[in-house]
Each structure stands twice: as structure tokens, then as C-alpha cells.
A.B. asks: 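Sharing a structure with you now.
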Amino acid sequence: MAKERFDHIAIEKSAQEKWEALDIYATDLTDSEKESYYLLFEFPYPSGDLHIGHWFAFALTDIFARFKRMQGKNIFFPMGFDSFGLPAENAAIKNGADPAVWTEANMERMRAQVRTMGTSVDWSKEVVTSSPEYYKWTQWLFSKLYDHGLTYRKEAAVKWCPKDQTVLANEQVIDGRCERCDSEVEEKFLTQWFMGITKYAERLLTDLDPLPWREEIKDAQRAWIGKSEGAKLSFRVLFADDQKNEWRDEEGNPAQVAVFTTRPDTTFGATYVVLAPEHPWVAGALEHGTDVFSNEEEVRAYIQETSKKTERERLENKEKTGVKLEGVRAVNPATKEEIPVYIADYVLASYGTGAVMAVPAHDERDYAFAKRFNLPVTPVIDPVTGDEQEDPLHKGKIVAVVEHEGRVLSIHWKPELGGRLLVGGTVEEDEDPAVTAAREITEETGYTDLELVERAEEMVHHGYFAFSKNQATLAHTTLLHFRLNSDACDEQKLEDNEKGKFEVEWVTVEEAEREIHDDQHLYALARFMKPGAYVGDGLLRNSGQFDGRDNREAMSEIVDFVGGERVTNYRLRDWLVSRQRYWGCPIPVVYDPEGAVHLIPSEHLPWTLPTDVDFSPSAESPLATSKELKERVERIFGEGWTPEYDTLDTFVDSSWYFLRYLDANDENDFSDQSLLKKWLPVNRYSGGSEHTTMHLLYSRFFHKALYDLALVPTPEPFEERFNRGLILGTDGQKMSKRWGNIVNPDEMVQKFGSDAVRMYLAFIGPYNEPGSYPWKLDGAVAMRKFLDRVFQLSEKVADEAMTESERVSLAKAIKKITGDTERFKFNTAISGHMVLVRELENADVVSKEAYLALVSLMAPFAPHLAEHLWERMGGEGSVHTASWPEEIAVEEDTVVIGVQVNGKRRGEISLAKGASEEKAMEAAKADETIGRLLHEGVLDKVVYVPGRILNLVIT
RNA sequence: GCUGGAGUGGUGAAAUGGUAGACACGCUUGCCUUAGGAGCAGGUCCCUUCGGGGGUGGAGGUUCGAGUCCUCUCUCCAGCACCA
């Protein structure tokens, strides 16, 4: 017979009404009795419908909010809407909807849906970023940052769609293409607003270290900031014709270019200089007008060509391109040699100084360029392999690569002699290494028809311990490349004593790479068969007075020697916050008739969005079409004054919303200092991993800037950060309208109840780490069954004292559920509920005390059912303001521990708690299997960890 | 390529260095019958001569004891990537 199931619709309705009537979720932010706990989740964009992903974000964080509330914390759990953004504007373009009305309607629908979740959000502190009450303060904070030089204007590239004839926001560019029409995006130069995030790069980096965040989050931020330490060096520029040597830069200094390098130790190997095509020095020289470059036409053409290329095209074309600046030479500050100067688009204008010294021997990109343009490659670092040895004997050695018909010669030693190698040998005194090599090849293989192809200039220094001679050795190995022209073989020359010790084999380069494990031989193989740059460390050569020194150790001396300075560079660029869009926060500035920038005085804030605008795509922001805005500016500031037409990136709005929550309705300040002091930093912030480098970094920057202005009391906004996972469609694909696989939670909630849906989501996997989970209906069904069992259990409740076995079960459950919930491990917490329920089901009666404890433990996870059962059991008030069950200490009299023999589990024994080793041994001997094993061997050692394990070592 | 993270049943997963696979899904055997998205009892890592034996991507190592720590290696995921 079907058991009774609870009526989730009725239960949810009555619970939600009760909570509203009791108003239990409104937080008294000034409460000084209870400990404060600020729990934050990323507020949503009001796209319209709530999908299952929103449940995963809001309802699961709510579990934790309810848990903390029951633990007696003064929990602050607010919500709001990140309501500026493109979809509202697209709707306006598409069907003429007013973005404000469209957005408000969406928010209203979403608020209602969130209520069905039964979250304990404090709606009285709601924040809506598109409301003038909120953006007034976004504008005010912008002004503060402007006053302190943290926002500024400069010309910069924006993304431009040639088909739609409009500027695109970064978010609208997908893989270098326009989101709407799929055409390739071009760059356009416009004057833009920036925020000086790079000034905070170092602090954003170092303050990351102590944060208790997952390493992958911190590491993604570190990569985004991209710190690299190096040096800035100056290269003097000479002109072919002495008469033109008059040319000087803007400050009147002799012509020179600065380069940034992370490898100043390789300066002696710089054989040419490359400038970005956009480098100001090049533009300056072209403007100079006196034929600085004899191939000026070619230079201009190349610059033109690259400027037309999209970013995508520049990246796609892996083949290096560039043009030599004819008639110009640079002076290598280390060697004083004159070297050529190029422009090439593999050098980025926006990083470092926009110029590099090219060291083809030790940089892959420079190497590729040098090969293409036939430029000299000068190695300045000799690799060091093997182990460092004390007082080594120095020996001259050779390693030879012998090539024949696409294969290389390898000597396959017997494994005990070292495995596969190339040909190697020791140089006799005063012998030419090439002679040594030829001799060794012939002695070991008999081949005689050898031709020396190349002899590497560099050496490999290889440290090893020669066991045969009991001698520490440092070999200085010369690398040689031979070609075997015919397989003529002279067996006579084979050394007798080498016969049988090894096999001679011809192998492919790939096989050799795989099977040779000696670094020195591998280097030789790569050196000739796969030529490229050596980017590792070693000993300097071709480096004048620094020859023979360790490259790292000599680094700063070389910087001094060439008159450079140590500098640090960051990959992070300043934050471009201008958007040529309507539905965003207006930038609170105006321009006087001369075009100078003026902040809009705070009495005119909020500087509201005009409504008389044309949304159709154009080169400028829709704000430029507003008559009202123009008139407003002239009315307030005077004739000839003009408005700013751009709006702010929505990431600015979301960089401080958690400050506003604390004082959401304040008309006189952006927040409240005493509340900020009491509540910051946010204790726990949960969100999606897609925001790791954007929102999370921007808000950290914003917060630090406000901290420096004494507007917030902490240097970091968030104490803990958790990235949640992703709920996929039933097909395992990411949910999207495109795939038609969006799971509608409303339907599920109707069928199985809000509690079942939320618990299923909580059970799906660990919430404290990101993962992707396909939605499975079966899971929600199963969870509903479990909730029915909890409900049915109430029929067995009797007003009796708690039994000992109930106490034991409850003690275990409380400990597990409390610990797991604290760590966001809701999946294992729920397994704790399940075990407890099963144990209670096994008895004929359940004591009311135990059942109420179960209901309390369930309350954060199934808030509606728990409320209903609490009421039914006669609980006072709401279960959600009741206290979380305290841990119960139980004295278990017996424990079952495993018995291992030599580390393998061979049985288990039941012991009195805290039993002695003797008792444990007695019990172990009594066990049939263990007893037998004890008889078979001699007991060598006993490891006894009371309450855990007994391990017997038997020999 | 660089940097992180992770590899455990058919699936989601669980295990402060101490009995690997808890808790579920799915599958399966049997029972029950107001045929339901029902309930109950059992089985479900592999091998087995039913005594046991093996097993956490692979190979080594540390340890009385390793899924967990160390070295190498393979695979997958994520971030960054012409950043000098």
C-alpha cells in the first residue's frame, strides 16, 4: 500500500506565509549581541526567467544562511539585481521596449520565483543597479576616483562592427566576431575612459597570498595580472648617413630606443632590434621627413597593413612578418656592435616598451624571425646538464648525431650500462673533437663514409659521477652533426672489447627522443634535428668579461654593465570602462566649450539617463541622440557645454553592490561607515567560476581604491570565496535556448516540491568545488521519496525519552552534518540525514526529542517541510529561529576496528573503548583468519592505534 | 607551449596517512498488489577451488600502513598564451 505523502503545495504556502508574518529574515544590522555573518552570492542579471542554475546559486547558498542563523549568528543574506546591461537594450532595438520597463517587469517575475524557492533573503535591503538611487552613488564613487587620478581619459582602440556600423562592448565580441551578425570585428580609435587598475597590480597580487581561496582561483588571477620582472635597456640608434645623424627625439636626446626584456643576461646575444609597427619612435622618424628610412614606402605600407589587420588575423598568422628599417642601425649596449632594426607585428605596442632586443639563440619567437630573415644567431648560454659535482675532474667529450636516410644512429647499451644513447666519446689531449667523433663512430659501428655537417659552437657542461673510476667529473661536451653518405663498413676497425656490449640501431628522431634519457644527448639531438632556441639556463659564452659565469647569477651585473635599470612589467592593462551604450550608468562628466572635462557636481547627481533616445546601432552611444540631455547640460552649465555620451561598463556597478546592501536606502551616502566596519569583509562569497578574473578582480581593485580613500575599512572585500559548479541539461550539454535543453524549475517545484528540488541540487556533488552536473529527473524523484520517509516517520513519534541508540545515532549525525554544512559539503551532509533517518526507522517508536532534532537538522535543507513538521510536533515559533542541535558526547562502550596483517586488512575485531594492546592482540588471535596467519609466520611488530587500527607485521 | 586542478564502480560521488567505494542513481532477484514516477526484503568493483586473493590512470619510492605524501609518466578539465 502506498504510504502517505505530504502535500507540498499546502505546506509550502503555509510556511512561506508564516515566515512573512513573523518577518524572521530581516536582519538587524546594528545588532551587537550576536556575531555578524555576511553571506553573499552573486546577484543576477534580470534576464526574465529563473532557470535551474539560479536555484543552484541562490537556494544552496540559502542552506548555509539558514544553518548560520540557527547557529545563533546574525546572518546577513541580501539579494539584488545587476540590472544594467545589453539584453535590455537589444530588446529595445528589437521590439521597441523601454529598457527600464522591460527590466522592471523581469525583476518582478524573478522576485516571485525566488520566493517559491523558500530562500531566507532579506528583501528589505534589495539593491537594483539601474535605479537612480543606486547609480547616483556609482557616479559619486566614480567622481571620487577621478579626483584621485584613478579614472582618466585616453585614446584607445574599441571594437567596431563594420556591418552594423556600431561600437561593440567587449562582451559582444565572441572569438573576434560580432555577436549579432558574425562579421569580423575591427579596431577603431576613440577617446575612452579608463580606471587605473594597473597601479594596484602589485597589491592585487601580494594580497592574494594569505586569502584562503582555492589555488586555482588565485592562480587564475595571478596569470591575469601577469607579473614579469626584467630590465629596461637603451639601444642607441645610428643612421647610415652621417649627415642625418642630427636627428634627436622629442626631448632633444640622441636617438635611442628602450626595450624591455626578462632576460638581460642574454644581451650579448641580441643580434637585432624589433619595434612594434605602432611604436611612437617609428611614427616620429617618419614625421621627421628627411628620409630617415631609405625604404620608407615599404615601411609605411607594412604599418598600414598591420593596422588594418584584426587582432584575430595577427594571431592567426603564425608565420613571422616584418620590415627592416633601412638606413638605421642600433648599437648593442653589451657588444657595442651595430645591429639591424626591424618593425614586426609580433611585437606588441601595448606591452613593455613596445620594443624588444631579439636574442634568436635563446627565444623561440626571435629564432623564428631570424630564420625567416636570415639574421645571425649567436648563442650566449651553454646548457648545463647532469648533477653538480664537487671538485670534478674536467674532461673533453663529444656527442655526435649521425644521420642517414632520415634516421639517426643510436647505441643501445645493455640496460645495466645505461640504455639508449647517441655516439659519445672522450677527446684525447690536443685532439680536434671532430676527429675524436669520427674515430668513435668508426670504432663503435664500423661506418667510415662520414661527412661533418655542423659543429655546434656551444658546449654542454655535464656533471656526473664516474663510478668506474670513482671520480666526480664535469664533461665539456662538443656537439657534432655527421651525415653518413654510404653504409660502407670496415669491420676491422671495430674495437674488439666493445663487441657484444651494445647494439647499433638506426632510429627515427621521435624514437630517439622517447628512449634516450640523458639530457646531454637529448640536447644534442634537438640541437641538430629540431633546431630552435635554447631557453634554459647555463654558463655564459660570447659574453666578454662574463664568460663562464652562471647566467642567473650574473644577470644584474650585466644590467649594470649595459646601463639598464631593473623594472617590473604586468600583463594587466588599465580597465576600459567606457561603453557606447544606452542601458548603463551615465558617466558623470560634462565638457566645457574648450572640451575640458568637468565632473558633474554632486548636487546634480544622480545624473539620469535621458529617455528620448534612438536605439538603432550607430557609431556613438544612443545618448548622443537625446535632445533632453543636450538641453539639460546647457541649462545647468551654460551654452557650448556638451554632455558625455558614454556609459559605464556594468562591472563598475557590480564592483561595490555588496557595500550598498548594508545601507541600501541611504539617500545621503553610498553606505554607512559604522556598518561597513561591523560587517566587512564579506565572510563568504559564492559565485560562478566565469567571474574569477573579471568581476572578482575588478571588485578587489575597486575596494582597494576605496580603502585608500578611507571609504571602506578593509583592504580586501571578501574573506572566503567559493566557485560553484554548473548544472547541465539532461543531455549533458550546457543549458541554452539554442539546444532547447533548459530545465524549467517551476514545473519540478510543482511536481516534487521546492524542498525536493533544492535538496537534489545540494546532493548532486560537493558545493565547495566547481563541477558540471547533468540534470537527472530521477534524482529529484529520489529526493522526494526521502522527504516522504521523513514525513512518514512522524507517525512513529511518541512522547518518550530518547533511547541510547537514538543518542548514538544523533550524535554521529549532528557531528557530520554540522561539519559538512560548514564546509559547503551539502552532499555528504545529506547522506548524514539519510543514515540518521534509516536508523530511526529501524526502531518501533521514535522519541519526540530525537525527531525534533532531526527536523532541526533538516531545516536548512528542506525549509518548508521542516517548518510543517516542527509545527506538527508542537515546536515553538519557527524552526528557522530555533537553535541548531548541539553536539552530543556519547560514550560508546565498544568499537570495531580493522586488523591488518602487513598493511592489508584481514579482519576486524570488536573491543572495549580504549582497550589495551594486550586485549586487542587477544581478540585478534581469536579471529580465525588472523590466528591462522599468526601461526604461519613470526610476529615481528605490532602497531596498535586505539580506536583505529591494529596492524601486525609478520615475517 | 606555460600555469593550475583533477583522474576511484555503469553514473553522481565518499574516505584527519589507519576496514576503499559511505550516501544515492541505474541495473537486478524475490515478495506484495487500490498497476504507482508506488511499497517491502535482498544483490550489484573484479577473480575464486568459497579458504580466500586482487583492486583507486601507469611505473617507482617513503611508511608498520598510501586513493591520500614524494619522483617520473599518461590522460582529461580550466585559465593564460607572439606578454619579450
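The chains referred to below are lettered A, B, ... by the order of the sequence lines, with proteins before strands, and numbering in each begins at 1.
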A.B. asks: Parallel, tilted or perpendicular: which one describes the rings of A:Phe824 and A:Phe826, with boundaries at 30° and 60°?
C.D. replies: tilted

A.B. asks: Ignoring hydrogens and angles, tell me if any N or O in the side chain of A:Asp820 forms a donor-acceptor pair with the backbone of A:Asn827 under 3.5 Å.
C.D. replies: no

A.B. asks: Rounded to whole angstrom units, what separation is found between the NZ atom of A:Lys227 and the P atom of B:U3?
C.D. replies: 18 Å

A.B. asks: Without decimals, in angstroms, what is the distance between A:Arg789 CZ and B:C23 P?
C.D. replies: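 After rounding, the reported distance stands at 11 Å.
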
A.B. asks: Across all strands, who's sitting opposite B:A38 as a Watson-Crick or G-U wobble pair, both distances under 3.5 Å?
C.D. replies: none

A.B. asks: Measuring only the C1' atom in each nucleotide, how far is B:C76 from B:C82? A whole number of Å is fine.
C.D. replies: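 Straight-line distance between the two C1' atoms is 27 Å.
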
A.B. asks: Using whole Å, what does the distance between atom P of nucleotide B:G37 and atom CD of A:Glu747 come to?
C.D. replies: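 Value for this atom pair: 16 Å.
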
A.B. asks: Indicate whether OP1 or OP2 belonging to B:A81 is found under 4.0 Å from a side-chain N or O atom of A:Arg571.
C.D. replies: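 Checking A:Arg571 against B:A81: at least one side-chain N or O falls below 4.0 Å of OP1 or OP2.
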
A.B. asks: Give one of base, sugar-phosphate or nothing for A:Glu216, where a contact means two heavy atoms less than 4.0 Å apart.
C.D. replies: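 If one applies the 4.0 Å heavy-atom cut-off, A:Glu216 turns out to touch the sugar-phosphate alone, with no base involved.
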
A.B. asks: Using purine N1 to pyrimidine N3 plus N6-O4 or O6-N4 for Watson-Crick, or N1-O2 and O6-N3 for G-U wobble, each under 3.5 Å, what pairs with B:U44?
C.D. replies: B:G26

A.B. asks: A:Trp224 has an atom CH2; how far is it from atom C1' of B:U3, in whole Å?
C.D. replies: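 Answer to the nearest Å: 15 Å.
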
A.B. asks: Using a heavy-atom cut-off of under 4.0 Å over every strand shown, decide if A:Arg838 touches base, sugar-phosphate, or nothing.
C.D. replies: sugar-phosphate

A.B. asks: Closest nucleotide of RNA chain B for A:Val943 versus for A:Ser772: which of these residues is on the 5' side?
C.D. replies: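 The answer here is A:Ser772.
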
A.B. asks: I need the OH-P distance between A:Tyr767 and B:G12, as an integer number of Å.
C.D. replies: 20 Å

A.B. asks: When you measure from the side-chain N and O atoms of A:Tyr351 to the phosphate of B:A84, is any distance below 4.0 Å, counting only OP1 and OP2?
C.D. replies: yes

A.B. asks: Do any side-chain nitrogens or oxygens of A:Arg222 fall under 4.0 Å of OP1 or OP2 in B:G79?
C.D. replies: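 No, no such contact exists.
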
A.B. asks: Tell me what A:Ile764 touches on the nucleic acid: a base, only sugar-phosphate, or nothing, going by heavy atoms under 4.0 Å.
C.D. replies: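 Sugar-phosphate only.
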
A.B. asks: Nearest 0.5 Å, please: how far is CG in A:Asn768 from NZ in A:Lys825?
C.D. replies: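 So the gap between those two atoms works out to 6.0 Å.
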
A.B. asks: Looking across every strand, which nucleic acid part, if any, lies under 4.0 Å from A:Val359 by heavy atom: base, sugar-phosphate, or nothing?
C.D. replies: nothing

A.B. asks: Check for me whether A:Lys320 meets the cation-pi criterion with A:Phe369, that is, NZ or CZ under 6.0 Å from the six-membered ring centre and within 45 degrees of the ring axis.
C.D. replies: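 Cation-pi check for A:Lys320 and A:Phe369: fails.
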
A.B. asks: Hey, does the side chain of A:Lys815 come within less than 4.0 Å of B:U16's phosphate (OP1/OP2), counting only N and O?
C.D. replies: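 Answer no for this pair, as no side-chain N or O of A:Lys815 is under 4.0 Å from OP1 or OP2.
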
A.B. asks: Where the side chain of A:Ser831 is defined as all heavy atoms beyond and including C-beta, which of B:C64, B:A22, B:C82 is the nearest nucleotide?
C.D. replies: B:A22

A.B. asks: If you assign each of A:Thr828 and A:Asp345 to its closest nucleotide in RNA chain B, which residue comes earlier from the 5' end?
C.D. replies: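 The residue mapped nearer the 5' terminus is A:Thr828.
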
A.B. asks: Hey, is B:G54 sitting syn or anti, using the within-90° cutoff around 0?
C.D. replies: anti

A.B. asks: A:Lys796 and A:Glu841: salt bridge (Lys or Arg N to Asp or Glu O under 4.0 Å), yes or no, with the steps?
C.D. replies: CA-CA 9 Å; A:Lys796 288 211 261 180; A:Glu841 279 172 341; over 6 Å; no

A.B. asks: Report yes or no: is there a donor-acceptor pair, N or O only, under 3.5 Å between the side chain of A:Lys751 and the base of B:G37?
C.D. replies: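 Yes, the side chain and the base share a sub-3.5 Å donor-acceptor pair.
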
A.B. asks: Ignoring hydrogens and angles, does a donor from either the side chain of A:Asp778 or the base of B:C25 sit under 3.5 Å from an acceptor on the other?
C.D. replies: no

A.B. asks: To the nearest Å, how far apart are A:Met783 CE and B:A24 C1'?
C.D. replies: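 From A:Met783 CE to B:A24 C1': 7 Å.
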
A.B. asks: Please report the distance, rounded to the nearest Å, between CE in A:Met748 and P in B:G37.
C.D. replies: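 Rounded to whole Å, this separation is 15 Å.
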
A.B. asks: Any side-chain N or O of A:Asn827 under 4.0 Å from OP1/OP2 of B:A14?
C.D. replies: yes

A.B. asks: Looking at A:Ala756, is its backbone amide N or carbonyl O close enough to the side chain of A:Arg784 to form a donor-acceptor pair, meaning the two atoms are under 3.5 Å apart?
C.D. replies: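 Flag not set: sc A:Arg784 to bb A:Ala756 has no pair under 3.5 Å.
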
A.B. asks: With respect to the phosphate group of B:A15, does any side-chain polar atom (N or O) of A:Arg948 fall under 4.0 Å of OP1 or OP2?
C.D. replies: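 No, outside the criterion.
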
A.B. asks: For B:A84 and A:Ser228 - does any side-chain N or O of the residue sit under 4.0 Å from the phosphate oxygens OP1/OP2?
C.D. replies: yes

A.B. asks: Once the angle between the rings of A:Phe56 and A:Tyr773 is folded into 0 to 90°, is it parallel (under 30°), tilted (30 to 60°) or perpendicular (over 60°)?
C.D. replies: perpendicular

A.B. asks: Would you classify A:Arg906 as touching base, sugar-phosphate or nothing, given that sugar-phosphate means primed atoms plus P, OP1 and OP2, and contacts are heavy atoms under 4.0 Å?
C.D. replies: sugar-phosphate

A.B. asks: Return the pairing partner of B:G7 with a 3.5 Å limit on both distances, Watson-Crick or G-U wobble; otherwise return none.
C.D. replies: B:C74

A.B. asks: Take the protein atom CG of A:Leu572 and the nucleotide atom P of B:G79, then report the distance between them rounded to whole Å.
C.D. replies: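 The answer, rounded to whole Å, is 18 Å.
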
A.B. asks: Just to confirm, is there a sub-4.0 Å distance from OP1 or OP2 of B:A14 to any side-chain nitrogen or oxygen of A:Lys825?
C.D. replies: yes

